[in-house]
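Report on one structure; see the data block that follows.
The sequence lines fix the lettering, A, B, ..., with proteins before strands; numbering per chain opens at 1. Side chains are part of it too, since the values below use all heavy atoms of this structure and drop only hydrogens, waters and symmetry mates.
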Amino acid sequence: MAAPTGNVMERIVALCKRRGFIFQSSEIYGGINGFWDYGPLGVELKRNLKDAWWNDMVRNPPLGPGNVEYQMVGVDCSIIMHPQVWKVSGHYDLFADLMVDCKECKRRFRADKVFIAVIGGDLPQPRGVFGIEADGLAGALEELPNALTAWAKGKNEAEFKKAEVVRTGAEPTVNTHKGSYVVQVHELGKLPAGVPRLCANCWGELTEPREFNLMFQTYVGALIDEESKAFLRPETAQGIFVNFKNVTDTTRVKVPFGIAQVGKSFRNEITPRNFTFRSREFEQMEIEFFCHPSESRQWYEYWRDVRLRWYTNLGLTSSKLRLREHDKDELSHYSCGTSDIEYAFPFLAEGDFGELEGVAHRGDFDLRSHMEGKLVNRDGQLVVDTGPDGKPRWKGSGKDLTYFDDERKERFVPHVIEPSAGADRATLAVICEAYTVDESRPSPELMRFHPRLAPVKAAIFPLVNKDGLPEIAEPLYREVKKRWPAQYDAKASIGKRYARMDEAGTPYCFTVDGQTKEDGTVTVRDRDTGAQQRIDKSRVVEFLAEKLASAM
RNA sequence: GCGGGUGUAGCUCAGUGGUAGAGCGUCACGUUGCCAACGUGAAUGUCGUGGGUUCAAGUCCCAUCACCCGCUCCA
């Protein structure tokens, strides 16, 4: 076969299509943006990955810090939940961002991050107007001198090129060689009549603020009205939080313990891109780990390390993986620490990494929210978000989600560590990692999946499709496939059959040949090295069991 | 959402307004007897989709969808 052409990612996408790992959703109708299907090999691969996660994290998790045992249990929650869940969790407000676009430079801003400065605002005709991009009004005032300089230079406003900004009283003043002007800085949502919305980048005209809703909406019941509106979950985590009390009431788990869930989530991403990396429908593997507040830091560090190790154990090379601790200004308002586990996907620029999993220290934010109502950060304190009437903006359940620790004789709201992994992203990383081109091989393209993840574990071939060889190979195949996904192939040359298995990532091929008839041995061919050895055909299942077990 | 590029067989891609093509893959038969071997044959196309121009459109024009790249966005 000719050497593969095109860039690495294009070749990976082509192989995924060609061999049935991943197809575009609704392809015969032209596809649908942001949705993908797994084919026969892909579904096995992804299932193996999810099974590995469930086994390693839920059924048989590693020992905790100081070799303590802890409990892990699972749940499987509905995708559509009570709409109040999303209002209290903050998704409803956060996902409905107002955005503005610049009609000229085409940049997009969050409406609450754009401020309009009016110079000489006390005059009927302001001396100048420009936009400032900043986080909050205070930030906008801080940013004013830089924004003014940029505007003066960009719009060639000679008078203001060397202007000085001074703060006197409530409003800043701009001093130039010609005079001094009061500056008013307005929030975009509270612009006085007649003040234009201008871009903070090119000072062009901005659109009206427009709503971007990142949650998928649907209606529960046949009657479509505002009352019946509901949402497809944008994360699996909330199902765990709202079942916290159910789990502690019914399972005898004791803090520290974790609840895990694997399932689909939905987000109306603005720009789905990069193959399956950013999809609108995706699958998550999430753990919410509940612990005493005094131990939360050590559990956070524990999970961060456990999760990173899990990926390396499944064959992702450490040089392409990294753990990135979020900066303070990058943290969500509730988080006391977050690390991303990232992978150097081939579709990213050299040196860039894409998120596989976030491990977040969420404090008591989630359980408290579902007790008290939606929380906001006010001066470093998480308090219930209240409306103009002083009542909670979004009411919590009012249920007691505190935990009584019998050993400590103490009641508290557990802190939460959340390792939240993307099943599709991990699958994609595994595919990218496995994809190998070795021009020295007769079959240059192969998928070097970790044997535990390989969609097909073994292939059984008669060297030729006659001379009594199929009569030996077929029973062997039936024996193997009782335990693992296996394939039988009697067609084409032996080299072509090996090559097909290389592309599917099958780690071992067993070939029945003339010698098998004499001494009962078959050859085992190793995918990665091409090396062969002979073993007795009665040992094939044992051989595979050893190889697949040691691979864990 | 913006700008640029691409879209023809399962994959990779040729195709000058005038008959829809190649290589690989797939399937069958033969040969072969441990690494995409060889021979013979076969199947496979809404030329992304919808309009328009034209005697005639894969080719030109318009719209639209999808994918890739760059912005933007990603709680």
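- Of the two residues contacting RNA chain B, namely A/Val464 and A/Phe275, the nearest-nucleotide position lying further toward the 5' end is that of A/Val464.
- Look at the C1' atom in both B/A43 and B/A37: the space between them is 23 Å, to the nearest Å.
- Only one option out of A/Phe21, A/Phe23, A/Trp36, A/Phe347 pairs with A/Phe275 in a ring-ring contact (aromatic ring centres under 6.0 Å, His included); it is A/Trp36.
- Of all the heavy atoms in A/Ala486 and A/Tyr477, the pair that sits closest is O-CE1, 3.6 Å.
- Taking a pair as Watson-Crick or G-U with both hydrogen-bonding distances under 3.5 Å, the stems of three or more pairs touching RNA chain B are B:1-7 with B:65-71, B:10-13 with B:21-24, B:26-30 with B:38-42, B:48-52 with B:60-64.
- Among the protein residues, A/Gly530 comes within range of the nucleic acid bases, having at least one heavy atom under 4.0 Å from a base atom.
- The side chain of A/Lys466 sits closest to B/U32 out of B/G1, B/U32, B/U26.
- In this structure, the nucleotide among B/G1, B/G33, B/C35 sitting nearest to the side chain of A/Thr271 is B/G1.
- Residue contacts for A/Arg273: at a heavy-atom cut-off of 4.0 Å it reaches a base atom on one of the strands shown.
- Set against B/G33, B/A75, B/A36, the side chain of A/Pro444 has B/A36 as its closest nucleotide.
- At a threshold of 4.0 angstrom between heavy atoms, the contacts of A/Gly20 with the nucleic acid are absent.
- A/Asn243 has its side chain within reach of A/Cys77: a pair of non-hydrogen atoms, C-beta onward, lies under 4.5 Å apart.
- If you check B/C35, B/A36, B/C67 against the side chain of A/Ala499, the one that comes closest is B/A36.
- Close to B/G25, at under 4.0 Å from its OP1 or OP2, lies a side-chain N or O of A/Lys496.
- Of the candidates B/A36, B/A75, B/C35, the closest approach to any side-chain atom of A/Arg525 belongs to B/C35.
- Distance noted for atom C1' between B/G17 and B/C61: 13 Å (whole Å).
- Atom CZ in A/Phe347 sits roughly 12 Å away from atom C1' in B/C68 (whole-Å rounding).
- Between A/Asn268 and the phosphate of B/C73, there is no side-chain N or O to OP1/OP2 separation shorter than 4.0 Å.
- Residue contacts for A/Ile28: at a heavy-atom cut-off of 4.0 Å it reaches a base atom on one of the strands shown.
- For the C1' atoms, the distance linking B/C11 with B/U72 amounts to 34 Å, nearest Å.
- Distance noted for atom P between B/G23 and B/A57: 29 Å (whole Å).
- When ring centroids are compared, A/Phe461 and A/Phe510 stay outside the 6.0 Å threshold.
- Here the nucleotide nearest the side chain of A/Lys17, chosen from B/C35, B/C68, B/G10, is B/G10.
- Shown here are the side chain to side chain donor-acceptor pair (under 3.5 Å) partners of A/Ser78, two or more places apart in sequence or in another chain: there are none.
- Of the C1' atoms belonging to B/G10 and B/C27, the separation is 13 Å, rounded to the nearest Å.
- Looking at every heavy atom in both residues, A/Glu286 comes nearest to A/Ser420 through OE2-OG, 2.7 Å.
- At the phosphate of B/C24, neither OP1 nor OP2 sits under 4.0 Å from any side-chain N or O atom of A/Arg18.
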Q: Mind running side-chain hydrogen bond (donor to acceptor under 3.5 Å, both in side chains) on A/Thr427 and A/Asp424 for me, showing each step along the way?
A: CA-CA 5 Å; A/Thr427 303; A/Asp424 304 276; 5.8 Å; no

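- Closest to the side chain of A/Arg500, from the set B/C34, B/C11, B/U26, is B/U26.
- Not less than 6.0 angstrom separates the ring centroid of A/Phe353 from the ring centroid of A/Phe345.
- Using atom C1' as the reference point in both B/G15 and B/G7, the two lie 15 Å apart (nearest Å).
- Of the candidate nucleotides B/C2, B/U12, B/C34, B/C34 has the atom lying nearest to any side-chain atom of A/Thr523.
- Residue A/Ile494 places its side chain closer to B/C35 than to any other of B/A75, B/G33, B/C35.
- With rounding to whole Å, A/Arg497 atom CZ is found 11 Å from B/A37 atom P.
- No side-chain N or O of A/Tyr38 forms a donor-acceptor pair with one of A/Thr276 less than 3.5 Å apart.
- Taking atom P in both B/C55 and B/G45, one finds a spacing of 31 Å when rounded to whole Å.
- Here, B/U59 and B/A20 have their P atoms 13 Å apart, quoted to the whole Å.
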